[in-house]
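The next block holds one structure in the form of structure tokens; read it before the comments.
Nothing here was measured: the structure is a model prediction, and the numbers come from that model. Side chains are part of it too, since the values below use all heavy atoms of this structure and drop only hydrogens, waters and symmetry mates.
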Amino acid sequence: MTAPPKPFAEQASSTRDLPGTLRRYEAVLIFGVAAISVLGLEYIDAPQRVLAFAVANKGWALADLWLVVLAFGLAMIVFAYQHNRRLQGENQARQAAEQDSWNLARHDALTGLPNRRYFTEMVTATLQGVSDHDARTAIMMFDLTGFKAVNEIYGRHTGDQALMEISQGISAILDPGTVFARVGGDEFAILQPNIATRDDPLQLANIIVAAIGRASIAGDTAGTLGACIGIAVAPEDGTQVDAILRRADIALHHAKESGRASIKFFEPSMNEQVETRGWIERGLRAALPKNAITPHYQPLVTLKDNAIVGFEMLARWDSADFGPVSPDVFISIAEETGLIKELGDRLLRQACKDAKDWPQHLVLAVNVSPRQLRDKTLGLRILSILAETGFSPHRLEIEITESALVGDIEVARKVIEDLRGAGVRIALDDFGTGYATLSQLVQLRFDKIKIDRSFVARLGRDTDSSVIVRAIVGLVKGLGLIATAEGIEQSSQFDELKVYGCDEGQGWLFSKAVPARDVSRLLFAESKAPAALTHATLN
């Protein structure tokens, strides 16, 4: 790791030239004494005045008079010396304080590594020497996956310990000249100058990922932490500091989307994706106040007699600028930007208004995302919306995905308890993806388990999937819960699930999600000929 440049190189000129200032002060003092002496001799005739004073005061011996003058002069010299030393001490103390201030402003207090400000300064200085492909520099950005869980499970003290040990471990493996900085909570950056090829940063990135994956903090977190790394290379990816750092961040974002321990170099196509995402985010912010994202409804059907027992609310956005936008896209952006709270509340409020006029036996099922479930106020906000719209809590079913349970389980438990206490039903969505444990099924007291569509899609083609679905249905029924299958698109899947004893199903075999105005048509078709639902009545 490169040593930081001398702090005083960046101080104000008055601070930078303190020793010179002191020398000038001494010179001025000597010159002043000499000037006063000359002035006394040449202009005010000091010797004659002293003699006249001696004559007027005959009681004084001339030797005594000169002794007084000599003592006074010595006293002035001592005073000037002491004043000079005091000034030197004050300046040295000020110099030390300014150096401490400089270090604090440019280094992370916990790890001692350069911070974002200092790292940016060093990148700026390095890029000034990058003008051709013979002088290449790599910028890496990475953060720790699983760090939030370490903080939540083991406490912030253990999290801080993890950051310090990882910082020390990585610093030990870096070559001289490589700069390592902590630029955020669990975010780090590396400046690797003078690389020969892209293999140099790739090799270093692999070493870092492996080292973090082996980290064992407090004896219990081995395998808990990981890292994703984004890399940008100058001059290919730019020579301006803002551009190169932004592109390394973009590469990091794509690495995180690819999963744990991924490493990605910046590519020009990534810029286009980021720009598109930016447009969608701006469109989303504009769409929310206009209620342009609307709820659609997909029927939940009993497999025994094809009767509609409720509808799941699904968000749909037909943008005037982009056309239909996939929920997977705009919901993930809403989660990343914190807009999911407003979006979720608006959709639930409108869905409750729509469902209030349905037959009273029909339930309204609404998904909440992992980000929403981490909000302790979620349960209270849902109950507030129910009171506002007059929709019965006993007709509402909140669906929680398995992935949401890997967050703060205690917050999830609190939200579920608030809702269940008011009569709201709770369903576990996407079951089978591997996040939920059997103990959680019992402790959190779900009313319904929804089998993930990935298993349903392979029924009839994959023997293992059939075995898994049969086992899940048996487990759910054994716990006294309702088993619901998602993504039913073929009659053969419907028949097999019915044989296994699955209670409910939803999917395109019955109907796609429809706007509120078409729900009455779907209910009318079901009342006239229930079997017709298996032929996609409104599709």
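With a 4.5 Å cut-off on side-chain heavy atoms, I400 and L373 count as touching. By the 4.5 Å heavy-atom criterion applied to side chains, T294 and H296 are counted as neighbours. No side-chain heavy atom of T137 sits less than 4.5 Å from a side-chain heavy atom of I195. Between L509 and S491 the shortest side-chain heavy-atom distance falls below 4.5 Å. With contacts defined as side-chain heavy-atom distances shorter than 4.5 Å, the pair I340/I331 qualifies. Using a 4.5 Å heavy-atom threshold, the side chains of R285 and T337 count as touching. Looking at L174 and L204, their side chains come closer than 4.5 Å, going by heavy atoms from C-beta outward. D429 places a side-chain heavy atom less than 4.5 Å from the side chain of N367.
R246 CZ: 12 or fewer foreign heavy atoms inside a 6.0 Å radius. Q240 CD: 12 or fewer foreign heavy atoms inside a 6.0 Å radius. Counting heavy atoms of neighbouring residues, nucleotides and ligands inside a 6.0 Å radius, atom CD of E336 exceeds 12 of them. In the displayed structure, K448 atom NZ is contacted under 6.0 Å by more than 12 heavy atoms of other residues, nucleotides or ligands.
The two residues W279 and F322 come nearest to each other via the heavy atoms O-CZ, 3.3 Å. Looking at every heavy atom in both residues, A251 comes nearest to I231 through CB-N, 3.7 Å. The minimum heavy-atom distance linking G238 with I244 is given by the pair O-CD1, 3.6 Å. In this structure, Q192 and P201 approach most closely via the heavy-atom pair OE1-CA, 3.2 Å. Between I293 and A315, the shortest heavy-atom contact is CG2-CB, 4.2 Å. Across every non-hydrogen atom of D318 and G323, the tightest pair is OD1-C, 3.4 Å.
Once rounded to the nearest 0.5 Å, the distance linking CD of E281 with OG1 of T276 reads 13.0 Å. Rounded to the nearest 0.5 Å, atoms CD1 (I263) and CE (M140) are 8.0 Å apart. M122 CE to L127 CG: the interatomic distance, rounded to the nearest 0.5 Å, is 12.5 Å. Distance CG/L252 to CD1/I229: 9.0 Å, rounded to 0.5 Å. Here the CG atom belonging to D199 is positioned 10.0 Å from the CG atom belonging to N206, to the nearest 0.5 angstrom. In this structure, CD1 in I166 is found 11.0 Å from CD1 in I208, a value given to the nearest 0.5 Å.
Note on R381 versus D345: salt bridge recorded, some NZ/NE/NH1/NH2 to OD/OE distance being below 4.0 Å. Taking 4.0 Å as the cut-off between side-chain N and carboxylate O, R136 and D200 do not count as a salt-bridged pair. Salt-bridge formation is not detected for the pair R374/E335: no Lys NZ or Arg NE/NH1/NH2 atom is positioned less than 4.0 Å from an Asp or Glu carboxylate oxygen. Under a 4.0 Å N-O distance rule, the pair E417/R413 does not qualify as a salt bridge.
For T239 (side chain) and P235 (main-chain N/O), no donor-acceptor pair under 3.5 Å exists by modelled atom type. Formation of a donor-acceptor pair under 3.5 Å by the E397 side chain with backbone atoms of V366 is not found in this model. The closest donor-acceptor contact from the side chain of T124 to the backbone of T120 lies under 3.5 Å. Between the R458 side chain and the G460 main chain, no donor and acceptor come within less than 3.5 Å of each other. Side chain of Q493 to main chain of Q490: a donor-acceptor pair is present (N/O by atom type, distance under 3.5 Å, no hydrogens or angles). The backbone N or O of H254 sits less than 3.5 Å from a side-chain atom of S258, completing a donor-acceptor pair. Looking at S369, its side chain does come within 3.5 Å of a backbone N or O of Q372 through a donor-acceptor pair. Using modelled atom types, no side-chain atom of T111 and backbone atom of D108 make a donor-acceptor pair closer than 3.5 Å. Without hydrogens or angle criteria, R116 side chain to G184 main chain gives no donor-acceptor distance under 3.5 Å.
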- request: Starting from the C-alpha separation in whole Å, work towards a yes-or-no answer on side chain to side chain contact (heavy atoms under 4.5 Å, CB included) for F431 and K450.
  value: CA-CA 6 Å; F431 185 75; K450 301 187 74 173; 6.0 Å; no
message: I'd like to know whether F494 forms a side chain to side chain contact (heavy atoms under 4.5 Å, CB included) with I488, so could you lay out the CA-CA distance, the side-chain angles of the two residues, the decisive distance to 0.1 Å, and finally the verdict.
response: CA-CA 7 Å; F494 172 86; I488 303 175; 4.2 Å; yes
task: For the pair T145 and L225, evaluate side chain to side chain contact (heavy atoms under 4.5 Å, CB included) and give the outcome as yes or no after the intermediate values.
output: CA-CA 6 Å; T145 57; L225 297 176; over 6 Å; no
task: Test L163 against F147 for side chain to side chain contact (heavy atoms under 4.5 Å, CB included), laying out the working first.
output: CA-CA 9 Å; L163 292 174; F147 181 73; 3.7 Å; yes
Verdict with reasoning, S511 to Q298, per side chain to side chain donor-acceptor pair (under 3.5 Å): CA-CA 7 Å; S511 173; Q298 186 174 45; over 6 Å; no
message: I'd like to know whether D143 forms a salt bridge (Lys or Arg N to Asp or Glu O under 4.0 Å) with K256, so could you lay out the CA-CA distance, the side-chain angles of the two residues, the decisive distance to 0.1 Å, and finally the verdict.
response: CA-CA 9 Å; D143 56 17; K256 290 193 288 189; 3.1 Å; yes
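Partners of F188 under the ring pair (Phe, Tyr, Trp, His ring centres under 6.0 Å) rule, at least two apart in sequence or in another chain, are F142, F180. Residues passing the ring pair (Phe, Tyr, Trp, His ring centres under 6.0 Å) test with F266, sequence neighbours excluded: none.
Counting only N and O atoms by type, the side chains of H253 and E257 include a donor and acceptor under 3.5 Å apart. Side-chain atoms of N115 and R182 include no donor-acceptor pair closer than 3.5 Å. Side-chain atoms of D321 and S319 include no donor-acceptor pair closer than 3.5 Å. Side chains of Q506 and E312: a donor-acceptor N/O pair is present below 3.5 angstrom, by distance only.
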